[in-house]
*Asks:* 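Attaching a single structure in structure tokens format; questions to follow.
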Amino acid sequence: MRLGITLGYWGRGPKPEHVPLAQEAERLGYDSVWTAEAWGSDCFTPLTWIASQTSTIKLGTAVAQMAARTPTATAMHALTLDHLSGGRMMLGLGLSGPQVVEGWYGRPFPKSPLTATREYVDVIRQVLRREGPVSLPGRFHSHPYAGEDGTGLGKPLKPITHPLRADLPIFLGAEGPKNIAQTTRIADGWLPLYWSPTRTDVYEASLTELPEGFRIAPMARAQVCDDVSAGLLPVKAMLGFYIGGMGHASKNFHADLMARMGYEDEARHIQELFAQGRKEEAVLAVPDAFADEISLVGPRERIAERLELWRKGPVTDLLLMSPDRETLRVLAELNA
């Protein structure tokens, strides 16, 4: 099982510890470092900054939001950074949800998310292969554009720049069962938001036909500490925000996933509290048991024991959200 470090997205501004953490992860033999975006900083610029100050660690987006860019623009970002980094780029994509897509990006959320995702990946693959002009008579991402409001003058094009790798890895952040199953067919890897090594049956039906070399790379908070309850608070804060604030009460993929993992009543209660503006209560309402099973928190011995559960399952890459170098070092030693 490879280890990676995920740095997430910025809050109020750049985090000065991100580059030193990435450099320490590289020194410790971590395989990858990942950045994210929501409605603030983008994911490619920080990753480029990190690339300029590292040399071997792979560089991933977890995730680049599809609504933020056309598929060809995303392919341009990926192939450019792949060249500049000497072939270290890994492209992680996510669809996000209606509140973000329509509220922040000002675009309609696709009525058929699976089709939209499939077309998006298809266009990127065409750009990276550079076998000919990009052409797709798609429903959401037609190339050339074929909408009634177009001029009809669009010309199929292929990238001027020759991509460094036609097989640049593409990962998808999928949560619904059908979306996960499609991911195994069209992508090189899957980025689960929550993964419990004791509940792999939640995803079993979607992972029945994994192609050879397919990568499963969940994110997990990791922290070496004596007080497990205190160490779980950042996990609960993240869960409270995603489950309560990253979607509408009637359409929240994160809450739906928590429900499928056995915590339906708790998920709906968190949503209700968050909608009422009771955010601190929403965070505290996240069950410690749920936060604990999707993370690696506590003394070294406890983490060592729980890490074995992750290593026994189908996970190929464990992407750690870690606040300090000591935790990175301990996990590297335990995974050696």
*Asks:* Hey, does Val127 have a side-chain heavy atom less than 4.5 Å from the side chain of Leu79?
*Replies:* yes
*Asks:* Counting only heavy atoms from other residues, nucleotides and ligands, does the tally under 6.0 Å from CD of Glu308 exceed 12?
*Replies:* yes
*Asks:* Is any NZ, NE, NH1 or NH2 atom of the basic residue among Asp256 and Arg268 found under 4.0 Å from an Asp or Glu carboxylate oxygen of the other?
*Replies:* yes
*Asks:* How about Glu280: does its CD atom have over 12 heavy atoms from other parts shown lying under 6.0 Å from it?
*Replies:* no
*Asks:* What class does the angle between the rings of Phe241 and Trp39 fall in, given that below 30° is parallel, 30 to 60° is tilted and above 60° is perpendicular?
*Replies:* tilted
*Asks:* Would you call Arg329 and Asp324 a salt bridge, using N to O less than 4.0 angstrom?
*Replies:* no
*Asks:* Quick check: do Met1 and Asp317 have side-chain heavy atoms less than 4.5 Å from each other?
*Replies:* no
*Asks:* Using only atom types and a distance under 3.5 Å, with no angle test, would you say the side chain of Ser206 pairs donor to acceptor with the backbone of Pro177?
*Replies:* yes
*Asks:* Answer yes or no: does atom NZ of Lys279 have more than 12 heavy-atom neighbours from other residues, nucleotides or ligands under 6.0 Å?
*Replies:* no
*Asks:* Measure centre to centre between the rings of Tyr203 and Trp190, then say whether the value is under 6.0 Å.
*Replies:* yes
*Asks:* Are Glu131 and Arg129 within salt-bridge range, i.e. N to O under 4.0 Å?
*Replies:* yes
*Asks:* Charged N to carboxylate O below 4.0 Å: is that the case for Glu102 and Arg107?
*Replies:* no
*Asks:* Are more than 12 heavy atoms from other residues, nucleotides or ligands located less than 6.0 Å from atom CD of Glu333?
*Replies:* yes
*Asks:* Nearest 0.5 Å please: distance from the CD1 atom of Ile294 over to the CE atom of Met261.
*Replies:* 6.5 Å
*Asks:* The test is salt bridge (Lys or Arg N to Asp or Glu O under 4.0 Å); show your working for Asp226 and Arg300 and say whether it passes.
*Replies:* CA-CA 9 Å; Asp226 294 326; Arg300 179 187 176 112; over 6 Å; no
*Asks:* Between Asp82 and Arg165, is there a salt bridge with N-O shorter than 4.0 Å?
*Replies:* yes
*Asks:* Taking the side chain as everything from C-beta on, heavy atoms only, tell me whether Leu93 gets closer than 4.5 Å to Tyr120.
*Replies:* yes
*Asks:* State plainly whether the residues Arg325 and Glu17 are in salt-bridge range, i.e. N to O under 4.0 Å.
*Replies:* no
